[in-house]
Structure formats: structure tokens, C-alpha cells
S.K.: 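What follows is a structure written as C-alpha cells; I'll ask about it next.
Just the heavy atoms: all of them, side chains too, but no hydrogens, waters or symmetry mates, feed the values below.
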Amino acid sequence: MAYFKLALTPGIDKQNTEYGAEGGWIDGDNIRFRYGLPEKIGGWEEFTTAAQYLVGMSSNIFTWNSLAAIPFAITGTDRKLYVFTGGAWYDITPIRLTTGVGDVTFAASTGSAIITVADTSHGAILGDFVTFSGAVTLGSAITAAILNSEYEITSIINANSYTITAPVNATAGDSGNGGGSVVGAYQINIGSDVSYFDFGWGTGSWGSGTWGTPRAPGSGLSLVSRVWQFDNYGEDVVCQIANGAVYYWELSLGTSARAIVLSGAPTKNTYALLSTPDRHLVCFGTETTIGDPTTQDPMFVRFSNQEDITSFVESATNTAGGQRLSDGSRIVTAIRSRGQILIFTDISLHGMQYIGPPYTFGFQQLSANSGCIGPHAALDVNGVAFWMGTDAFYVFDGTVKKLACTVQDYVFKDMNLVQGFKNFIGLNSQFNEVTWWYCSFTSDFIDRCVTFNYLENVWSIGTMARTAWINSSAFEKPLGTQYLETSTASTISTIYGLTAGRTTVYNQETGTDADGVALAANIKSGYFDIGDGDDMLYMKRFIPDFKNQVGDLTVHLLLRAFPQATASPSSLDPYVITPSTEKVDTRARGRQISLRIESTALGTTWRFGTMRVDIQPDGLR
């Protein structure tokens with residue numbers, strides 16, 4: 001029998017059964033579709049020359065160029081805020097409180113590394129960071145150099161004392177209190193790397209309060225993980241903590257300067273961004289009374305005076321103002337789009353357009369029943385908005401529509417909705433892709449991704465885990481962040497008592513491997529037959545067709561007699577395909593056959609073409 005082309009429809013189809021998806025692809029990992037054909041995705045390497053680990057889980061990364069055309073990056077984690085320039089990351093986490101001279105004293109116990117710190121009304125919570133200065137030695141082991149360092153707080157004793165962990169045990173000679181000149185600089189309270197369904201027992205970190213005390217609203221705990229949002233104001237950066245305050249980092253002060261609270265801005269907001277080209281700072285889900293966090297209204301929008309992001313008080317001589325939206329219980333996020341800002345609530349979409357004085361902005365509802373799942377789950381691509389809801393994907397190109405998705409059930413039936421606040425969408429313009437990263441049902445941390453090629457209208461899935469992503473702009477390659485929740489690797493600065501949880505940053509679409517480790521890739525077709533399954537089939541051989549193949553590939557032929565039967569490999573399986581393989585003899589017999597292609601070695605890359613197969617009928621059973 002003559003060879004015929006095995007033509008397969010692009011995109012992963014998990015809405016159909018494996019048999020119903022005949023003529024297409026049903027599964028894959030670390031692959032993309034380009035020009036209708038599947039190929040292995042690009043690899044990644046460390047962003048910096050040597051690995052630089054950051055503390056906590058990154059929730060956003062942002063890049064820009066200074067006025068001198070120097071590239072910068074900034075990322076925020078649940079515990080820290082960092083800026084990158086000149087090949088290195090720097091800690092710019094805001095300082096919440098600096099004590100008076102002599103307000104802090106230490107007490108050590110012989111044979112223990114635990115040091116008790118006394119500081120009246122310290123305001124710290126478990127896991128906060130504090131840096132001491134001005135201390136003198138406690139004795140022989142706990143020296144001044146050890147004390148005058150940064151620490152993660154180990155436990156909270158009460159409102160006036162807590163403990164830290166030194167790098168060495170105290171000896172009998174460590175009986176001092178650190179002297180009378182100790183100063184403590186407390187960084188802002190940390191956030192969480194996980195979200196919670198509700199307040200009550202079990203919410204928050206173990207040991208963060210007294211035993212048996214249920215967590216409740218107003219206790220200082222948040223039900224959602226910490227998420228940062230960044231935007232430029234000139235060459236400086238506005239840094240917003242979702243459901244928190246707005247901070248400001250001034251580039252001209254250098255990397256030794258920390259971000260500070262933005263003066264005059266509301267102190268508790270769901271989200272914030274700069275409008276263009278009119279340049280108002282817009283705060284969403286914000287306070288009705290500026291400076292009073294108890295007045296936060298999740299549906300209220302407030303904007304600053306034009307070109308003055310520290311002035312939010314309305315007057316007859318400025319353009320500051322506010323507006324409450326309807327149809328929804330909370331604003332989730334907002335993005336700049338063509339001619340307007342799109343505001344996403346939990347159930348609806350609104351447009352915000354600059355119309356000038358006296359009203360400054362006009363608002364209109366654009367859709368209902370189309371909410372967004374998280375602060376970074378929406379993205380604008382050339383005037384078209386894409387976002388993820390709690391049960392579907394959406395697009396707005398002048399009209400809101402659900403995106404037809406061939407992997408919808410696969411994604412949303414296996415998604416941990418409690419952790420949906422940390423879901424992240426990233427743009428990879430080189431390949432016309434938007435990707436959402438999310439937590440699978442059994443994971444509290446991002447471990448899955450789903451990609452939509454918006455030019456070719458095809459979907460793919462994968463397990464590459466990225467907590468944040470930024471398209472190539474100030475830097476040549478896209479940047480992605482990965483969270484290593486159990487890592488205790490050394491970080492960019494020495495912090496004593498530091499617990500696990502690190503972020504590393506990668507240059508994406510770089511090379512073929514996963515930072516020096518083989519990047520395994522695979523794709524599997526639906527089952528195909530001949531004569532609508534009336535006959536068994538016999539595949540004698542196939543002619544492989546791969547473009548830009550480097551390294552060996554493995555092809556599996558999975559056979560079964562009926563759709564519900566267990567598939568088994570052919571007798572000669574697996575088939576190794578080298579770059580020089582011309583044809584492969586198979587001896588594969590079954591009613592239905594599925595094709596699986598995989599690569600597992602270092603340095604491999606490939607793009608599938610049009611395979612030709614020699615298949616003939618082989619009887620009715």
C-alpha cells in the first residue's frame with residue numbers, strides 16, 4: 001500500500017475523547033505550535049552570570065530603561081522587594097519602623113542560638129525582617145558583628161519581645177544586653193505565599209499568635225497571598241501591594257535607597273496603575289477617606305491630580321476625584337488598553353476613559369458575568385485584552401467574548417481556585433503567545449501553564465512553573481521567575497535565621513535546556529484508524545519528518561483494539577529517530593494507533609513536520 005501523509009490538526013484537544021480527537025493532538029509538555037506544527041519550546045538560563053537567589057515567592061517582575069537608557073528590573077516577593085541593575089539584585093524593601101537609640105536590648109541563654117529581643121510595641125509578626133546597628137558584644141560568642149546584622153524573626157513572644165536565631169550558640173560569657181545604643185530597622189510586615197479560604201483556626205503561619213486563637217478579620221492576616229504591581233512614573237517606580245499601601249522607589253537615589261510609602265496616596269488599595277497619556281495615578285478598591293484603611297471600599301476608584309501622584313484630595317483647582325462602580329463585590333485588577341483603562345471586578349468588566357475636566361474620567365460597564373480570577377490574570381496585546389475567569393477564558397476586542405478553548409475542562413477542573421489570586425499571565429510576542437500559569441488542584445504553588453497562540457488560535461499545555469513573567473523589552477529575552485518553596489540556598493545578602501523559600505530569575509527562550517538540565521518535551525496524537533474502525537490495521541513503516549532536529553528523538557506507537565481498551569506499545573517500540581534516520585520499520589498492528597514523540601536528552605531541539613506512514617488493512621479482528 002502507498003504511503004500517505006499523517007496530517008494532524010494543530011493545538012492540544014482535551015475536550016474530546018482520545019478517539020474523538022482523531023486527526024489532532026491530545027497531550028504534550030514543553031511544546032508550542034508554530035505555523036501549524038508542534039516544536040519543542042526554548043530553554044532558559046540564569047538571568048545573572050551566577051545564580052542569585054531572592055527571598056520568598058516573586059509575584060510580579062517589571063523591566064524598564066532609565067533616562068540614560070540603562071536597563072532595570074524590579075520584583076516583589078511575599079517577603080521582600082528587589083531591584084536589578086548592573087548585573088546584580090539589591091534589597092530595597094521598605095522600612096516600616098526605625099527605633100530610637102537604645103530602645104532594643106538582647107538576652108542570650110548559654111548553649112542556645114536563640115536570642116530574646118526586647119523592644120516595646122515592635123509591631124512585628126512572625127517572619128518579619130529586622131536589621132540591628134549600634135550593638136556591642138554580649139560576651140565571647142555573640143559578638144557585635146553577629147548582632148549588627150539582618151535577621152528573620154523566629155517567634156513572637158508578645159507585643160514587646162520576640163526571638164531571633166544567631167549563627168552560633170551563646171556561651172556562659174554572653175551575659176550582656178547589647179549596650180545602650182542599639183537601633184532596630186524593621187522592614188514592612190511580610191505577606192504570605194499561599195491564600196486561604198476563610199479566617200479561622202489554621203489560617204496563617206504556625207506560631208504567629210497564641211495557641212487556640214482563631215484568626216479573624218482585623219488580626220493583621222490576609223486571606224490572599226502577597227501580590228505586587230509595578231508601574232513607571234518617569235524613570236521611577238510605583239510599587240503597589242495588592243490590598244495594601246503604595247510605595248515609591250526613586251531611581252536617582254541609587255540601589256542603597258529603599259522604597260518609601262508614597263506620600264498623600266490612599267493607604268489600602270486593591271490595585272494601582274498610571275493612566276496614559278494624562279498621567280493620573282489610579283487606585284482601585286481603595287479608601288473613601290484617604291489615609292483611613294477602615295474605609296476601604298472594594299468597588300471604589302480614586303485618581304490623583306494630573307502629573308501629581310501625591311495629591312488625591314479633590315478640589316476645584318485639580319483633577320483628582322473618585323467613582324464607585326456597580327455590578328460586582330470587588331475590583332480584582334485593571335489594565336491599560338487602547339484609549340481606556342479596563343477594570344475587572346469579580347463578575348464584570350468596566351471601561352474608564354479620560355474625558356477631561358470637570359469629571360476627568362468617564363466610566364461605563366462593558367460586560368457582565370465575565371470576571372477575572374486574579375490581579376495578574378489579564379493582559380492587553382495591541383488593544384485586545386485576554387483574561388482568565390474562574391471557569392473560562394475571555395477576550396475583549398470591542399466586544400467581550402468567551403475564548404473557544406480546547407483544553408478548558410482540563411484547566412479549570414484541575415485548578416486550585418483558592419490559590420487563584422496568584423495566577424499569572426505573560427506575553428511572549430516573539431511567538432504570538434499568551435500564557436497563564438496556575439496552581440493545579442492538589443498544589444498550593446504554581447505548577448501548570450496553558451498557552452494560547454492568538455494569531456493561530458491554538459492551545460497548548462505544560463508544566464513549566466513561573467510565578468511571574470515579563471516580555472522582552474528592556475532586556476533582550478523574556479524574564480521568568482520560579483519559586484523553590486523548600487530551597488534554603490544562600491541569598492544575595494546574609495540573613496540570620498532565614499527560613500526556606502527562594503525565587504530565581506531566568507532568561508527565557510535561551511538555549512535548549514532548563515538551566516543546564518535536559519528539558520524533556522513530548523507530544524501525543526489522538527488515536528486514528530482506517531475505514532472508521534471496521535478493520536484492524538497494520539503499519540509496516542513510517543518516514544520521519546523533522547526540521548532543525550538536534551539530538552535523538554523517541555517515537556512510540558500505542559496500539560489498542562477499542563476506545564476503552566488499555567493501550568500497549570508495538571513489538572519493536574520504542575523507535576529512536578536520529579537526525580539521519582530515513583525510514584523506520586514498525587510491525588505495528590491494532591484497530592487504533594496513537595503517536596507519541598518525546599525528547600529527554602541535553603541539547604535536543606526539534607520541530608515536527610509531516611510524517612508519512614505505510615498502513616494497510618489487516619482483517620476485521
S.K.: Please list all pairs meeting salt bridge (Lys or Arg N to Asp or Glu O under 4.0 Å) that have one or both residues in residues 454-479, counting only residues at least two apart or in different chains.
M.R.: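 Residue pairs with at least one partner in residues 454-479: there are none.
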S.K.: Would you tell me whether Glu46 and Thr504 have side-chain atoms, one donor and one acceptor, within less than 3.5 Å of each other?
M.R.: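 Distance-only check passes for Glu46 and Thr504.
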S.K.: Is a donor on one side and an acceptor on the other found under 3.5 Å between the side chain of Glu235 and the backbone of Asn65?
M.R.: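 It does not hold such a pair.
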S.K.: Quick one about Tyr248 and Asp236 (side-chain donor to acceptor, distance below 3.5 Å, no hydrogens or angles considered), yes or no?
M.R.: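 Yes, a side-chain donor-acceptor pair sits under 3.5 Å.
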S.K.: Of the options Asn382, Asp380, Asp397, which is the one that meets Ser337 in a side chain to side chain donor-acceptor pair (under 3.5 Å)?
M.R.: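 Of the listed options, the one satisfying the test is Asp380.
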S.K.: Salt bridge between Asp91 and Arg258, side-chain N to carboxylate O under 4.0 Å?
M.R.: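 Result for this pair is yes, salt bridge flagged.
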S.K.: Donor-acceptor pair, distance only, cut-off 3.5 Å: does the side chain of Arg607 make one with the backbone of Arg34?
M.R.: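 Judged by distance alone, yes, a pair lies under 3.5 Å.
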S.K.: If I take atom OG1 from residue Thr63 and atom CG from residue Asn471, how far apart are they, to the nearest 0.5 angstrom?
M.R.: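 CG of Asn471 is found 8.5 Å from OG1 of Thr63.
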S.K.: Give a yes or no answer on whether the side chain of Ser195 reaches the backbone of Val224 with a donor-acceptor pair at less than 3.5 Å.
M.R.: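 Absent.
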S.K.: Under a 3.5 Å threshold, yes or no: a donor from one side chain and an acceptor from the other, between Thr295 and Asp297?
M.R.: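 Their side chains do not contain a donor-acceptor pair, so the 3.5 Å distance test is not met.
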S.K.: So do Ile70 and Phe72 actually touch side chain to side chain, heavy atoms under 4.5 Å?
M.R.: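 Side chain of Phe72 against side chain of Ile70, heavy atoms only: contact under 4.5 Å found.
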S.K.: Which of parallel (below 30°), tilted (30 to 60°) and perpendicular (above 60°) describes Trp64 and Trp249?
M.R.: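 Correct class here is perpendicular.
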S.K.: For Thr310, is there any backbone N or O sitting under 3.5 Å from a side-chain donor or acceptor partner on Ser263?
M.R.: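 No, because the side chain of Ser263 does not come within donor-acceptor range (under 3.5 Å) of the backbone of Thr310.
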S.K.: With a 4.5 Å heavy-atom cut-off, do Ile492 and Tyr90 have their side chains touching?
M.R.: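 Ile492 does not reach Tyr90 side chain to side chain.
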S.K.: Would you say the side-chain atoms of Asp13 and Thr406 include a donor-acceptor pair closer than 3.5 Å?
M.R.: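 On atom types as modelled, these side chains do not qualify, holding no pair under 3.5 Å.
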S.K.: So do Pro293 and Glu287 actually touch side chain to side chain, heavy atoms under 4.5 Å?
M.R.: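 Side chain of Glu287 against side chain of Pro293, heavy atoms only: contact under 4.5 Å found.
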S.K.: Below 30° counts as parallel, above 60° as perpendicular, anything between as tilted: where do the rings of Phe475 and Phe47 land?
M.R.: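 If you compare the ring of Phe475 with that of Phe47, the planes turn out perpendicular.
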S.K.: I'd like to know if the side chain of Tyr82 and the backbone of Val55 have a donor-acceptor N/O pair within less than 3.5 Å.
M.R.: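 Side chain of Tyr82 to backbone of Val55, a donor-acceptor pair under 3.5 Å: yes, one is there.
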S.K.: Report, as yes or no, whether the 6.0 Å neighbourhood of atom OH on Tyr53 holds more than 12 heavy atoms from other residues, nucleotides or ligands.
M.R.: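 Not buried by this count: 12 neighbours or fewer within 6.0 Å.
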S.K.: Which heavy atom in Thr289 sits nearest to a heavy atom in Arg302, and how many Å separate them?
M.R.: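 Residues Thr289 and Arg302, closest heavy atoms: N-NH2, 4.4 Å.
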S.K.: For Trp25 and Pro10, indicate whether the former's side chain and the latter's backbone hold a donor-acceptor pair under 3.5 Å.
M.R.: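 The answer is no, because no donor-acceptor pair under 3.5 Å joins these two groups.
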S.K.: State the CZ-OH distance between Phe386 and Tyr394, to the nearest 0.5 angstrom.
M.R.: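 OH of Tyr394 is found 15.0 Å from CZ of Phe386.
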S.K.: Mind checking the CZ-CD spacing from Arg502 to Gln482? Nearest 0.5 Å is all I need.
M.R.: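 Separation between the atoms: 14.5 Å.
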S.K.: Which atoms form the tightest heavy-atom contact between His376 and Trp228, and what is the distance?
M.R.: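 So the minimum-distance heavy-atom pair works out to NE2-O, 2.7 Å.
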S.K.: State the CD-CG distance between Gln296 and Asn243, to the nearest 0.5 angstrom.
M.R.: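 Those atoms lie 5.5 Å apart.
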S.K.: Name all pairs fulfilling the ring pair (Phe, Tyr, Trp, His ring centres under 6.0 Å) condition that reach into residues 304-360, sequence neighbours left out, sorted by first residue then second.
M.R.: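 Qualifying pairs, neighbours excluded: His280-Tyr354, Phe344-Trp387, Tyr354-Phe361.
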S.K.: On a heavy-atom basis, which atom in Gln240 and which in Val246 lie closest, and how many Å separate them?
M.R.: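 So the two residues come closest at OE1-CG2, 2.8 Å.
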S.K.: The test is ring pair (Phe, Tyr, Trp, His ring centres under 6.0 Å); show your working for Phe445 and Tyr483 and say whether it passes.
M.R.: CA-CA 8 Å; Phe445 302 103; Tyr483 183 46; 5.4 Å; yes
S.K.: Output, in order, the C-alpha distance, side-chain angles, deciding distance and verdict of side-chain contact (heavy atoms from CB on, under 4.5 Å) for Ile41 and Leu519.
M.R.: CA-CA 9 Å; Ile41 64 172; Leu519 176 60; 4.1 Å; yes
S.K.: How far apart are the C-alpha atoms of Met57 and Lys422, what are their side-chain angles, what is the distance that settles it, and do they pass the side-chain contact (heavy atoms from CB on, under 4.5 Å) test?
M.R.: CA-CA 10 Å; Met57 181 186 70; Lys422 66 182 71 165; 4.2 Å; yes
S.K.: Hey, are Asp231 and Arg336 close enough for a salt bridge, meaning a charged N less than 4.0 Å from a carboxylate O?
M.R.: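 Salt bridge between Asp231 and Arg336, a charged N being under 4.0 Å from a carboxylate O: yes.
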S.K.: Counting only heavy atoms from other residues, nucleotides and ligands, does the tally under 6.0 Å from CG of Asp409 exceed 12?
M.R.: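 Yes, CG of Asp409 has more than 12 neighbouring heavy atoms, counting only those of other groups under 6.0 Å.
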S.K.: Do Ser275 and Ile341 make a side-chain contact, defined as non-hydrogen atoms from C-beta onward lying under 4.5 Å apart?
M.R.: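 Yes, side chains in contact.
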S.K.: Is Tyr233 reaching over with its side chain to a backbone N or O of Glu250, donor-acceptor style, under 3.5 angstrom?
M.R.: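 No, Tyr233 side chain to Glu250 backbone: no donor-acceptor pair under 3.5 Å.
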S.K.: So which atom in Gln306 and which in Thr319 form the shortest heavy-atom distance, rounded to 0.1 Å?
M.R.: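 The pair with the smallest heavy-atom distance is N-OG1, 2.9 Å.
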S.K.: Would the distance check show the side chain of Asp29 and the main-chain N or O of Thr463 forming a donor-acceptor pair, the cut-off being under 3.5 Å?
M.R.: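 Checking the backbone N and O of Thr463 against the side chain of Asp29, a donor-acceptor pair under 3.5 Å is found.
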S.K.: Say whether, by atom type as modelled, one donor and one acceptor occur between the side chain of Ser348 and the main chain of Asp327 under 3.5 angstrom.
M.R.: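 Yes: the side chain of Ser348 pairs with the backbone of Asp327.
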S.K.: Let's go through Ile31 and Ser460 carefully: what are the C-alpha distance in whole Å and the side-chain angles of both, what is the deciding distance for side-chain contact (heavy atoms from CB on, under 4.5 Å) to 0.1 Å, and is it a yes or a no?
M.R.: CA-CA 7 Å; Ile31 56 96; Ser460 56; 4.3 Å; yes
S.K.: Please walk me through it: do Thr451 and Asn453 pass side-chain hydrogen bond (donor to acceptor under 3.5 Å, both in side chains)?
M.R.: CA-CA 7 Å; Thr451 298; Asn453 184 316; over 6 Å; no
S.K.: List the steps and the verdict of side-chain contact (heavy atoms from CB on, under 4.5 Å) for Leu366 and Phe396.
M.R.: CA-CA 9 Å; Leu366 301 174; Phe396 175 71; 3.8 Å; yes
S.K.: Taking Leu81 as the fixed residue, which of Ile74, Leu54, Ile241, Thr75 is the one that meets the side chain to side chain contact (heavy atoms under 4.5 Å, CB included) rule?
M.R.: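 When side chain to side chain contact (heavy atoms under 4.5 Å, CB included) is applied between Leu81 and each of Ile74, Leu54, Ile241, Thr75, only Ile74 qualifies.
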S.K.: What pair of heavy atoms forms the shortest contact from Gly328 to Asp346, and how long is it?
M.R.: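 Taking every non-hydrogen atom into account, CA-OD1, 3.5 Å.
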S.K.: Would you please indicate if the ring centroids of Trp459 and Tyr410 are separated by under 6.0 Å?
M.R.: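 Aromatic pair excluded; centres sit 6.0 Å or further apart.
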S.K.: Of all the heavy-atom pairs spanning Ala377 and Ile425, show the shortest one and how long it is.
M.R.: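 Closest approach of Ala377 to Ile425, heavy atoms only: C-CG2, 3.6 Å.
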S.K.: Once you round to the nearest 0.5 Å, how far does NZ of Lys80 lie from CD1 of Ile92?
M.R.: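 Rounded to the nearest 0.5 Å, the NZ-CD1 separation comes out at 11.5 Å.
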S.K.: Run the ring pair (Phe, Tyr, Trp, His ring centres under 6.0 Å) test on Phe421 and Tyr196 for me, step by step, so that the C-alpha distance in whole Å, both residues' side-chain angles and the decisive distance to 0.1 Å come before the verdict.
M.R.: CA-CA 10 Å; Phe421 200 75; Tyr196 302 94; over 10 Å; no
S.K.: Would you kindly say whether Ser443 and Ser440 are connected by a side-chain donor-acceptor distance under 3.5 Å?
M.R.: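 There is no such pair (donor and acceptor under 3.5 Å, judged by atom type) between the side chains of Ser443 and Ser440.
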S.K.: Working to the nearest 0.5 angstrom, can you tell me the gap between Asp308 CG and Asn318 CG?
M.R.: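 So the CG of Asp308 and the CG of Asn318 are separated by 8.5 Å.
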S.K.: Ser311 side chain to Ser304 main-chain N or O, any donor-acceptor pair under 3.5 Å?
M.R.: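 It does not hold such a pair.
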S.K.: Dump the intermediate steps for side-chain hydrogen bond (donor to acceptor under 3.5 Å, both in side chains) on Thr481 and Thr503, then the final yes or no.
M.R.: CA-CA 6 Å; Thr481 64; Thr503 282; 5.7 Å; no
S.K.: Using side-chain hydrogen bond (donor to acceptor under 3.5 Å, both in side chains) as the criterion, list what pairs up with Asp515, not counting sequence neighbours.
M.R.: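 By the side-chain hydrogen bond (donor to acceptor under 3.5 Å, both in side chains) rule, Asp515 matches no residue at all.
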